[in-house]
Amino acid sequence: MFAIDTPPPTVSGSLHVGHVFSYTHTDAVARYQRMRGKTVFYPMGWDDNGLPTERRVQNHFGVRCDPSVAYDPHFTPPSEPPEQPLSISRPNFVELCLKLTESDERAFEELWRALGLSVDWSMTYATIGEVAQRISQRSFLGLLERGQAYQLQAPTLWDVDFRTAVAQAELEDRERPGAMHRVRFAPAWAGEGGEALIETTRPELIPACVAVLCHPQDERWKGLVGAELLTPLFGARVPVLAHELVEREKGTGLVMVCTFGDLTDVTWWRELGLPVRAVLGEDGRLVEVAWGGEGFPSDDPQRARASYGELRGRSVNQARRRIVELLRESGDLVGEPEPVSRAVKFFEKGERPVEIITSRQWFFRTVEHRHALIERGRELEWHPPYMRARFEDWVNGLAGDWCVSRQRFFGVPFPVWYPVDEHGAVDHERPILPGEHRLPVDPSTDVPDGYDSSQRGRPGGFVGDPDVMDTWATSSLTPQIAGRAGEPDPGSAHGSSAHGEDGEGVAGDGLSLFQRVFPMDLRPQAHDIIRTWLFSTVLRSHLDHDELPWRGAAISGWVLDPDRKKMSKSKGNVVTPMHLLQEHGADAVRYWAANGRPGTDTAFDAQQMRVGRRLAVKLLNASRFALADLPPAGESLTHPLDRAMVARLAAVVSEASESFEAYDYARALQRAEELFWWFCDYYLELVKSRRYGAVGEEGAASVSRALRLCLSTFQRLFAPFLPFVSEEVWSWWQPGSIHRAPWPEAAQLHGELAEGAGERDLEANALEVAADVLREVRKAKSEARLPMRAPVRRVLVSDLPERLHALGLAREDLLQAGVIDALDVAEADEPAVAVELAEPPR
RNA sequence: GGGCGCGUAGCUCAGCUGGCCAGAGCACCUCGCUUACACCGAGGGGGUCGCCCGUUCGAGUCGGGCCGCGCCCACCA
């Protein structure tokens, strides 16, 4: 068994050239392993749950999900997306998601088939599918039971546009222009001095300020520690405290702590036990707060209310502009804001910076497993090995546990209800869980055991958890989902299991599919999702199975523009994969992809596809020539040139096999290709006449045997890369599919050379010297502007004795190939070839 | 700030554990429709292997430093 944890592509529109690139790498490996006799477990999945699909459905149909709207069983989307988005119920919205992903998935499958991926389509899964939901919910319940999942009301990374919590792994930095503001904080006591200047890029959070910090060893501010300052405009008393994380060099050495401006604020807030003064709402606007009341103290509540009234309801950017005006008017702004450019954290799919908002969320424990995860990373075979560094960087940088709940709609729901007490309050501390037999459940429509649907949302009744899981919380289980962990084995009913290309069966051994495939052999994926997909899959497998999910990970690079930028639709690279396949042919496109070495970014290069097409055509032509009217094969290879050719081939077979074992498909292809061109250019030309019987039956029988061996071997060496053309040429003379034929073995080719062993060096030299001389003859004709068939009166080869001796073995073939009348030799230290043409130069 | 990778012919890159004149393909130039291939074949020109030290009989190949590019990570007030 060779099991591959195929990346389920995100179903949110179309596949791009980068997909074609990396999936081809995996397919080459799969085909190699299959030819090695392995049963290859090679499913395809669709990652269709999650935000990309929601966003696409919104745009495609012109709808918005509104959970408060009732389900309309007769709903049909408008034919044209309306200008004003239509509010529809969650079940209706999910139906549309399913409808759209279904058609996308058909298009994806069509492309993969056109590309020649040897996927077992009977094993396809979807991350929104029932199996995935059941496995995902079962794993969640297990984590909950073992205390590895927990719920917490806490500050969380938040996207204000999607209005959902997001995870650290989904953040990216974007360089954005901003401004540094110098703001005066007045002392809260009467007396001289004590005024503090604070630099901030987020003045709109001054109402959320809960403390001012300096470094413990900062002499400038030591005296202030323990004192209180008044926030400008709002007159809130905030303490001056010391903390190691404050950088003395930044600004004035003082920093304000707000709830919450960034993750450092969260750290300070937690470690210093500061109060919460939250001003940002889920929509990213400033919420109503009561100055002078609970949580928002002020020495001048009236002024605070007036100031805040100018900000309330505004977005962050609007509030920032307004508060700068207010600070300027009040004289608390020192100097003018200085433009700066700084990195800001964004949700990778978002358009506005993430905020930190306190909310109730589900978490999986990760931080306490940091050490174990690093160890798992070291157990894993990385291809290429240096990619492990990215994994360790990420694990070492984990800032908190993994927030897995999303306030979205199209995803796997948390299988949890909560009791509602007689006063209507939801009791989050005593969740109601479903029995395993009920999974998957949707708590927004399903009812927990012991209740009926009339009790939903009523005092004494229950409510369902409204959230869905992070898409990674499900796709981190692809080995389990693909292997159908805990599912009835579809194969057991038929006595064999359907997997591998064409549904190849494996003799029943009493094991479930999952037991046979897990841990899997290979996770192929790109380097940009090491911190998300690879990390989370390792984590889940570690938590649920206490082992790695796969033995090795093959990390592929990206496809870059010719100008070395990452290819993207937004840059106007409208090269659709299907178009590429139509223009160049699947084998040609695969050839280009297979030349991209593992882990290496590769430039998009249509020229390489033309080269691939040339190789495919060459394989057709060479096969046609070799097989046409081929004389009967002899019992053995008797001619030195034939033996030498087979020996060379054996060496390349070894190299290609070794390369494949290390997932270096690119090297395997290059070695095979290099020798194949040489085979066509020199060997085929040298033996052409002998093949036609120019030197008798024995010579023809030997070359016939050699041609069969070489052709069969080359065809199979190319099969993982050029599946279409290799299947075609194989069908001309061999039974069955080449993709089920055994991978060539060097040992078998060496076996052909067993008789007369000991002459290997001599034979190798014969082929080499003959090729050298042939090149010189061609050169002479080329320089004389004569056609290659132009006769040569005499060739004088000067060379070392052993090379001349070897040349003797190739004499007849060389004379024929070069149309040479006389071949003389002379011993010399320096090799030289003198060519005397029969015709004068043109 | 830390880490990883890369810098070899005009372009895209091979050169694995140091050693035959530094290679391939594309592009370019010349020639050739020869009984596998004109969706082709034959041949040719073209490189201070980023720079500087060092180890060695010998270094694109190993060590150190520097320069440039890309990426990852980071508590970027």
Side-chain angles (χ1 to χ4, degrees), chain A residues 173 175-176 178 180-181 198-202 205 212-213 243-247 250-258 261-268 340-345 384-397 399 527-528 530-531 557-558 560 562 564-566 585 588 592 595-597 599-608 610-611 613-629 655 658-659 662 664 666-667 670-671 673-674 677 680-681 684-685 688 692 774-790 819 842:
Chain A
D173 283 353
E175 201 68 27
R176 282 297 128 101
M180 189 62 77
H181 309 73
I198 291 174
E199 292 200 344
T200 178
T201 55
R202 301 204 61 180
L205 291 179
V212 170
L213 305 187
H243 196 279
E244 294 282 346
L245 282 182
V246 177
E247 292 187 35
K250 285 227 168 89
T252 59
L254 287 179
V255 57
M256 66 172 187
V257 182
C258 305
D262 60 28
L263 288 170
T264 325
D265 281 345
V266 179
T267 305
W268 284 324
V340 292
S341 181
R342 78 260 192 261
V344 183
K345 298 253 182 257
Y386 60 79
M387 286 295 178
R388 184 167 62 87
R390 300 198 179 197
F391 178 80
E392 293 200 0
D393 273 359
W394 176 252
V395 175
N396 285 324
H527 52 60
D528 56 332
I530 288 175
R531 69 173 182 170
W558 278 341
L560 304 177
R564 313 300 300 167
K565 291 287 185 298
K566 188 190 177 188
W592 158 75
N595 267 300
R597 307 190 86 79
T600 308
D601 294 346
T602 299
F604 178 80
D605 188 358
Q607 195 61 44
Q608 277 301 105
R610 288 184 203 111
V611 174
R613 191 180 176 85
R614 246 165 40 99
L615 177 62
V617 171
K618 192 76 172 179
L619 187 58
L620 281 173
N621 286 323
S623 297
R624 182 191 305 155
F625 164 68
L627 294 173
D629 304 317
E655 270 194 283
E658 283 167 22
S659 301
D664 193 348
R667 188 183 172 94
Q670 279 186 3
R671 292 307 146 108
E673 183 191 11
E674 199 177 357
W677 283 103
C680 291
D681 295 345
L684 283 186
E685 293 299 328
K688 192 176 273 183
Y692 285 120
L774 181 58
R775 182 170 46 242
E776 291 300 321
V777 171
R778 285 169 171 169
K779 182 175 176 178
K781 291 177 182 177
S782 192
E783 283 171 354
R785 307 187 155 202
L786 291 170
M788 286 301 127
R789 62 170 177 199
V819 201
R842 282 186 191 164

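By convention in this document, chain letters (A, B, ...) are assigned in the order of the sequence lines, proteins followed by strands, and residues within each chain are numbered from 1.
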Give one of base, sugar-phosphate or nothing for [X], where a contact means two heavy atoms less than 4.0 Å apart.
{"X": "A:T267", "result": "nothing"}
{"X": "A:K345", "result": "base"}
{"X": "A:W677", "result": "sugar-phosphate"}
{"X": "A:M180", "result": "sugar-phosphate"}
{"X": "A:G397", "result": "sugar-phosphate"}
{"X": "A:V246", "result": "base"}
{"X": "A:T264", "result": "sugar-phosphate"}

Tell me: [atom1] of [X] to [atom2] of [N], nearest whole Å?
{"X": "A:D262", "N": "B:rA74", "atom1": "CG", "atom2": "P", "value": "14 Å"}
{"X": "A:N396", "N": "B:rC75", "atom1": "CG", "atom2": "C1'", "value": "15 Å"}
{"X": "A:E783", "N": "B:rC31", "atom1": "CD", "atom2": "P", "value": "13 Å"}
{"X": "A:L615", "N": "B:rC26", "atom1": "CG", "atom2": "C1'", "value": "15 Å"}
{"X": "A:R202", "N": "B:rA77", "atom1": "CZ", "atom2": "C1'", "value": "11 Å"}
{"X": "A:D528", "N": "B:rC73", "atom1": "CG", "atom2": "P", "value": "10 Å"}
{"X": "A:D265", "N": "B:rC76", "atom1": "CG", "atom2": "P", "value": "11 Å"}
{"X": "A:E392", "N": "B:rG2", "atom1": "CD", "atom2": "P", "value": "19 Å"}

Does any nucleotide pair with [N] by Watson-Crick or G-U wobble geometry, both distances under 3.5 Å, and what is it?
{"N": "B:rG41", "answer": "B:rC31"}
{"N": "B:rU48", "answer": "none"}
{"N": "B:rG7", "answer": "B:rC67"}
{"N": "B:rG54", "answer": "B:rC62"}
{"N": "B:rG23", "answer": "B:rC13"}

Which letter, B, S or -, goes with each nucleotide of nucleotides 32-39 of chain B from 5' to 3', with contact meaning a protein heavy atom under 4.0 Å?
S-S-BB-B

Between [N] and [M], how far apart are the two [atom1] atoms, rounded to whole Å?
{"N": "B:rG45", "M": "B:rG5", "atom1": "C1'", "result": "34 Å"}
{"N": "B:rG50", "M": "B:rG58", "atom1": "C1'", "result": "23 Å"}
{"N": "B:rG23", "M": "B:rC16", "atom1": "P", "result": "14 Å"}
{"N": "B:rG65", "M": "B:rA42", "atom1": "P", "result": "48 Å"}
{"N": "B:rU8", "M": "B:rC13", "atom1": "C1'", "result": "9 Å"}
{"N": "B:rG54", "M": "B:rG18", "atom1": "C1'", "result": "15 Å"}
{"N": "B:rG63", "M": "B:rC73", "atom1": "P", "result": "27 Å"}
{"N": "B:rG44", "M": "B:rA36", "atom1": "P", "result": "24 Å"}

Dump the pairs, protein N or O against N or O of nucleotides 60-62 of chain B, anything under 3.5 Å, distances to one decimal.
none

Which residue lies more 5' along RNA chain B, comparing A:T600 with A:L245 via nearest heavy atoms:
A:T600

Between A:E655 and A:K779, the residue closer to the 5' end of RNA chain B by nearest nucleotide is A:E655

Base orientation of B:rG10, syn vs anti, 90° cut from 0
anti

All side chain to side chain contact (heavy atoms under 4.5 Å, CB included) counterparts of [X], not counting sequence neighbours:
{"X": "A:V246", "answer": "A:L213, A:H215, A:H243, A:V255, A:W268"}
{"X": "A:R342", "answer": "A:R176, A:T201, A:R320, A:V340, A:V344"}
{"X": "A:M788", "answer": "A:R778, A:K781, A:S782"}
{"X": "A:N595", "answer": "A:Y591, A:Q608, A:L669, A:Q670"}

Below 4.0 Å: OP1/OP2 of B:rA27 and any side-chain N or O of A:Q607:
yes

side-chain N/O A:R531 vs B:rC72 OP1/OP2, d < 4.0 Å:
no

Side chain of [X] only, please: which of [options] is the nearest?
{"X": "A:A389", "options": "B:rG3, B:rC76, B:rG41", "value": "B:rG3"}
{"X": "A:R597", "options": "B:rG43, B:rA74, B:rA14", "value": "B:rA14"}
{"X": "A:R342", "options": "B:rG15, B:rG43, B:rA77", "value": "B:rA77"}
{"X": "A:W394", "options": "B:rC75, B:rA74, B:rG43", "value": "B:rA74"}

Rounded distance [0.5 Å steps], [atom1] in [X] versus [atom2] in [Y]:
{"X": "A:Y692", "Y": "A:K688", "atom1": "OH", "atom2": "NZ", "result": "7.0 Å"}
{"X": "A:R610", "Y": "A:W592", "atom1": "CZ", "atom2": "CH2", "result": "13.5 Å"}
{"X": "A:W558", "Y": "A:T602", "atom1": "CH2", "atom2": "OG1", "result": "13.0 Å"}
{"X": "A:M256", "Y": "A:T200", "atom1": "CE", "atom2": "OG1", "result": "3.5 Å"}
{"X": "A:E658", "Y": "A:D664", "atom1": "CD", "atom2": "CG", "result": "11.0 Å"}
{"X": "A:H527", "Y": "A:R390", "atom1": "NE2", "atom2": "CZ", "result": "5.5 Å"}

Residues in salt bridge (Lys or Arg N to Asp or Glu O under 4.0 Å) contact with [X], at least two apart in sequence or another chain:
{"X": "A:R667", "answer": "A:E655"}
{"X": "A:D681", "answer": "none"}
{"X": "A:E392", "answer": "A:R378, A:R388"}
{"X": "A:K250", "answer": "A:E247"}

Could you pull out all donor-acceptor pairs under 3.5 Å where a side-chain atom in residues 619-627 of chain A meets a protein atom, sequence neighbours excluded?
from, atom 1, to, atom 2, distance (Å)
A:N621, OD1, A:R624, NH1, 3.3
A:N621, ND2, A:V617, O, 3.3
A:S623, OG, A:L619, O, 2.7
A:S623, OG, A:Q715, NE2, 3.1

Could you go through nucleotides 9-11 of chain B and list every protein N or O atom that sits under 3.5 Å from one of its N or O atoms, giving the distance for each pair?
none

